[in-house]
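The structure under discussion appears below in the form of structure tokens.
Order of the sequence lines sets the chain letters (A, B, ...), proteins ahead of strands, with each chain counted from 1. The figures here come from the full heavy-atom set of this structure, side chains too, leaving out hydrogens, waters and symmetry mates. Quantities reported herein were computed from a predicted structural model and do not represent experimental measurements.
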Amino acid sequence: MTAAPPAERRIALIASGAGSYTAVELDEDDAEVRRDVVTSAELAGWVAEADTATQTRWIIRSARETYATLLADGVILNRTHDLLLCHAILRDTDAVARPLAPSQAWVRREPTDAAPSLFDALHDDSAGDPVDEALEQYREQRRVIASGRDGRLTLLCAAESAGGLIAEEMRVAGLPWDVAAHDAILTETLGARAAGGGIPSRMAELGAQVRSILGDETLHLDSQQKLLRALHRVGVHVESTSRWELAEQSHAVVEPLLAYKKMSRLLSANGWAWLAEWVHDGRFRPVYIPGGVVTGRWASAGGGALQLPRSLRPAVRADPGWTLIVADVAQLEPRMLAAMSSDRAMARAAQGRDLYAGVVDSGAVGTREEAKYAVLGAMYGATTGDSGRLVPRLRKVYPRAMAHVDAAARTGEDGGIVSTWLGRSSPRPSAEWSRLQSEATSADADPAVVALARRRARDWGRFTRNFVVQGTAAEWSLIWLAEIRHRLQQIPPSFTEAAASGPFARTPHLAFFLHDEVILHVPEQHAEAAADAVREAATVATRRLFGDFPIDVPLDLRIAMSAEK
DNA sequence: AGAAGTTGCGCG
DNA sequence: AAAGCGCGCAACTTCT
């Protein structure tokens with residue numbers, strides 16, 4: 001029997017003038033009990049004081065808009081309710097009878113080039129008092145959250161808000177990046193860097209070789225059209241220049257061309273120009289956008305943070321005296337599916353490190369590769385090819401799990417809305433989609449229209465099928481992140497204590513997050529404690545979502561100087 | 001010339 | 001060996 005959680009103190013903290021904030025404390029009924037005006041200079045001390053007395057949840061407009069400024073002033077917020085992030089969830093949720101009324105004032109604005117200022121926060125579309133508007137919006141959101149069942153929206157909003165803080169903190173902290181190691185990888189792979197940003201030596205040689213084989217010494221290899229014509233001239237009859245199609249050909253040009261394309265990609269996406277633009281003072285600082293994907297996954301802007309090629313992972317290196325904790329979950333999505341559908345057979349297959357091995361043991365398929373394609377096909381909605389062929393076998397062995405995703409697909413095909421485990425809902429299909437569907441149902445509908453409508457319906461069904469799984473996995477990951485952060489705060493000195501001298505210069509901190517993987521940057525003496533925090537956080541995330549349902553979510557975790565695998 | 005769309009490939 | 005989901009970005013191509 002666990003004690004009831006301590007009552008949470010709630011204080012709205014809203015920028016209310018140049019260099020000042022208004023702090024409004026609320027009672028249990030959301031009525032105002034106290035109002036203070038605090039200058040930014042006083043804020044760090046004031047917040048730290050308010051946070052030590054008891055757990056405080058800070059109601060803020062948006063971590064994205066304001067937390068960077070707060071962090072720069074040495075202010076750490078431990079728990080927040082992020083009105084912008086929660087507005088998006090509560091406005092669209094299908095988990096309650098009356099969702100939040102949409103409001104333009106609470107829609108995320110695209111970031112401006114300059115750092116967000118207090119001035120911006122004060123001059124949004126609305127004319128009213130920013131503090132009163134924030135309080136009113138918060139009370140509306142609380143009403144919606146309270147009307148949900150099992151506290152799921154409470155958990156989702158808390159986790160989403162924590163994500164908002166973590167995204168900003170990771171940007172401030174940055175991912176430790178070894179420029180020399182990156183440069184060495186580039187030189188090793190592409191050859192010596194050319195003066196003036198030209199083509200590096202190995203890549204240039206390979207390009208010359210490809211042109212020679214294609215019999216055109218001046219061919220521009222980056223133009224798909226010209227390349228395609230050149231390929232046709234030498235008898236390579238592909239329809240596109242994409243890698244998978246080229247790989248099926250046996251012509252002598254294929255190998256050097258594919259190698260060239262690989263190099264070209266590395267150079268343009270993560271070459272020396274990327275290094276100069278994105279890595280400063282040994283840190284890569286991407287912009288993370290929590291909730292940027294409809295499913296709840298994070299997106300990123302700038303630097304391609306979520307697409308860093310694995311070949312560059314050795315460039316992620318801890319500072320001297322520090323180390324990295326690199327942890328990821330193997331097959332997070334099918335584990336979530338097993339739990340959310342209460343499919344005990346699938347949960348049994350998920351016991352231990354390799355879910356695919358478990359699927360093979362169940363007798364559904366013969367090999368691990370088949371298991372992988374079958375499971376991915378089930379979650380993505382494959383109907384053809386090897387993957388589509390294997391999916392029906394899973395339906396026999398894991399009927400509950402399959403019924404769950406099949407139902408989500410059917411709902412989508414019918415134009416309905418599906419929701420994640422915690423209640424984030426899929427968008428409504430577009431008006432154009434709906435119009436096409438109704439056009440196709442009329443008695444004299446053109447067969448071509450009917451066929452197109454059918455195809456679009458299946459497309460949308462594949463989206464909703466995947467939405468419930470991908471979105472629930474995103475929820476697990478958010479809770480994992482939040483719990484990691486919470487535990488790192490227990491390792492002294494906490495961010496709060498270290499805030500004045502740059503909160504992450506001395507303390508263990510999250511440095512990178514990619515859907516189901518985290519990287520922590522940690523002083524060596526705290527490595528074991530931080531690793532424990534990551535493991536415990538995973539256990540807690542699973543329990544928070546699924547209670548006692550027996551689902552394993554094992555981590556691959558290592559403590560290392562570099563993120564190299 | 002610059003905007004908008006397409007292709008191809010990196011990540012989960 | 002497959003062609004099923006979600007993204008961001010660079011470069012090329014086409015549109016205005």
Taking only the side-chain nitrogens and oxygens of A:K261, find out if one of them lies under 4.0 Å from OP1 or OP2 of B:dC9.
-> yes
5' precedence on DNA chain C between A:N466 and A:E248 (nearest-nucleotide basis) = A:E248
Separation of B:dG8 P from A:E239 CD (nearest whole Å) | 11 Å
Short side-chain donor-acceptor distance under 3.5 Å, A:D414 and A:Q437 | no
Report the distance from atom OH of A:Y380 to atom P of C:dG4, rounded to the nearest whole Å.
-> 13 Å
Pair A:T241-A:Q224, side-chain donor/acceptor within less than 3.5 Å | no
Would you say a side-chain N or O of A:S242 is under 4.0 Å from OP1 or OP2 of B:dT7?
-> no
Set of salt bridge (Lys or Arg N to Asp or Glu O under 4.0 Å) partners for A:R485, sequence neighbours left out | A:E169
Roughly how far apart are A:L376 CG and A:L390 CG, rounded to 0.5 Å?
-> 11.0 Å
With a non-hydrogen cut-off below 4.0 angstrom, is A:L308 in contact with a base, only sugar-phosphate, or nothing?
-> sugar-phosphate
Annotated protein contacts, base or backbone, on nucleotides 7-16 of chain C with a non-hydrogen cut-off under 4.0 Å, one of B, S, - each | SBSSSSSS--
How close or far is atom P of C:dC5 from atom CG of A:D406, stated in whole angstroms?
-> 15 Å
Given the side-chain rings of A:W274 and A:W177, with only the six-membered ring counted for Trp, is the space between their centroids under 6.0 Å?
-> yes
Return yes if a side-chain donor-acceptor contact under 3.5 Å exists between A:D216 and A:T218, otherwise no.
-> yes
Do A:T472 and A:T420 have a side chain donor and acceptor closer than 3.5 Å?
-> no
Starting at atom CG of A:L514, determine the distance to atom C1' of C:dG6, rounded to an integer number of angstrom.
-> 12 Å
Using the purine O4'-C1'-N9-C4 or pyrimidine O4'-C1'-N1-C2 torsion, is B:dG5 syn (within 90° of 0) or anti?
-> anti
Touch check for A:D386, heavy atoms < 4.0 angstrom, all strands: base, sugar-phosphate only, or nothing?
-> base
Distance test, side-chain N/O of A:K262 to OP1/OP2 of B:dG10, below 4.0 Å | yes
Return the value, rounded to whole Å, for the distance between atom CZ of A:R310 and atom P of B:dC9.
-> 19 Å
Quick one: A:E370 CD to C:dA1 P, roughly how many Å, whole number?
-> 14 Å
Terminal helix-axis angle for the helix from B:dA1-C:dT16 to B:dG12-C:dC5, with five pairs defining each axis and rounding to 10 degrees = 10°
